[in-house]
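Quick notes on the structure that follows.
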Amino acid sequence: MIDRRGWFQRIAGGMLASALRSTRAGAAAVPPPAEGCPLALKDYQPKSMLHSSEQPVPRSRFPVIDVHTHLSFAAEHKNGVPLGEQVRFLTEPENALRLMDRKNIRTMIDLTGGVGAGLESTVQKYQAAHPGRFVVFTEPWWERTNQPGYSRFQADQIERAHRAGAAGLKVLKVLGLYLRENVTTGPLVKVDDPRFDAMWDACGNLKMPVAIHTSDPEAFFLPVDGFNERYEELNAHPDWSFYGRDFPSNLELLEARNRVFARHPRTQFIALHVGGDAENLALVSEWLDRLPNMHVELAARIGELGRQPRASRAFFEKYQDRIMFGTDATPGAVETPQQTFTEKLYEIYYRFLETTDEYFDYAPSPVPPQGRWRIYGLGLAEPILRKVYHENAARLLDLSS
Ligand SMILES: [Zn+2]
């Protein structure tokens with residue numbers, strides 16, 4: 001005889017459990033794996049069954065200069081454009097220094113140091129208080145870009161920033177993707193707009209390298225659909241999609257940037273995020289061959305480099321004098337695990353560069369946050385590691401190596 005009561009209790013119990021699960025899934029950052037079909041993509045968190053050796057790297061083999069970090073940011077933004085002189089500090093230098101000492105990081109370059117009085121306070125807080133451990137870059141005065149005389153004003157501000165201690169200029173992807181003719185409205189301003197020529201030249205005259213982020217991953221310019229390899233990331237950050245509307249293609253943006261590099265040969269440029277197209281190392285190589293004042297760094301792109309380890313290794317061997325170590329480390333950036341300033345972040349970068357470990361996570365996250373794949377270590381030779389970890393950056397920034 002069928003025990004109908006027992007059967008009903010099992011069904012009801014199961015429904016209750018799944019209701020509890022969905023409540024918890026709503027609250028917790030990491031939902032527990034669900035059972036049955038259909039399975040939501042977010043609940044699919046497969047664990048690799050591969051048995052392969054792991055070589056943890058708690059400290060880098062050589063001291064590190066991280067050329068791409070954010071310890072401060074402009075306090076005010078509108079439509080993606082930083083405004084005003086006020087800056088917000090994301091960490092106390094003492095806290096950062098503790099992590100740096102444990103991870104063998106000699107120097108962190110805080111790219112978003114701000115402008116004017118804000119820049120001066122960033123320099124005081126980090127660079128002047130701890131010489132050699134922090135280096136601060138300045139930024140353009142975006143809100144003045146539509147005013148008469150901007151070109152001259154901006155060049156003067158580069159000189160003022162240099163006197164205040166700024167070691168370089170950082171240009172966010174604001175240029176090309178957010179800045180508009182009326183600053184926050186109107187048509188987009190092009191990356192090679194001539195109003196910035198005096199700024200690029202001032203940087204060259206003062207030997208201040210320009211760290212420039214142009215465009216974004218190729219998938220960010222495609223429809224956010226079931227064919228997009230970064231669907232989950234774009235779904236989590238819809239404002240990172242530059243598909244449609246009045247956005248140029250990523251190649252148009254990068255070609256405009258390359259025209260700037262060609263027009264200002266005495267200015268040194270660090271094309272951030274592997275030159276803006278880590279998915280196409282053959283193309284980045286062409287640019288490096290053509291533009292001797294172009295350098296690159298790795299920040300937030302080891303996911304791309306590590307899924308093509310043979311091409312990446314060849315790239316590092318060929319351009320070993322022009323690649324720098326960078327992470328995009330940002331204290332408190334928990335929404336983007338690939339750049340949260342933690343010890344684990346650096347351990348992953350070190351493992352990627354130093355070991356030949358196979359198929360490991362490129363970010364500390366239950367699901368790979370920039371596309372569902374894993375990476376392979378490059379096992380770079382010691383002379384290349386030394387250059388990438390600090391020699392190339394020390395030379396470009398005139399720091400002791
Ligand atoms: Zn960055």
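Both ligands and their constituent atoms are indexed starting at 1 by order of listing.
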> Would you say I65 and M108 make side-chain contact, with heavy atoms under 4.5 Å?
Replying inline: no

> Taking the Zn ion (ligand 1) as the centre, how many protein N/O/S atoms fall inside a distance shorter than 2.8 Å?
Replying inline: 3

>> Looking at K103 and E347, is any side-chain nitrogen of the basic one under 4.0 Å from a carboxylate oxygen of the acidic one?
In response: yes

>> Under 4.0 Å between a side-chain nitrogen and a carboxylate oxygen: does that hold for R301 and D277?
In response: no

> Cationic tip of K125 within the cone over F89's six-membered ring, i.e. under 6.0 Å and within 45° of the normal?
Replying inline: yes

>> Can you see whether F360 has R351 sitting over its ring - NZ or CZ less than 6.0 Å from the centre and within 45° of the normal?
In response: yes

>> Using the rule ring pair (Phe, Tyr, Trp, His ring centres under 6.0 Å), only one of W240, F220, F221, F242 pairs with F247; which is it?
In response: F242

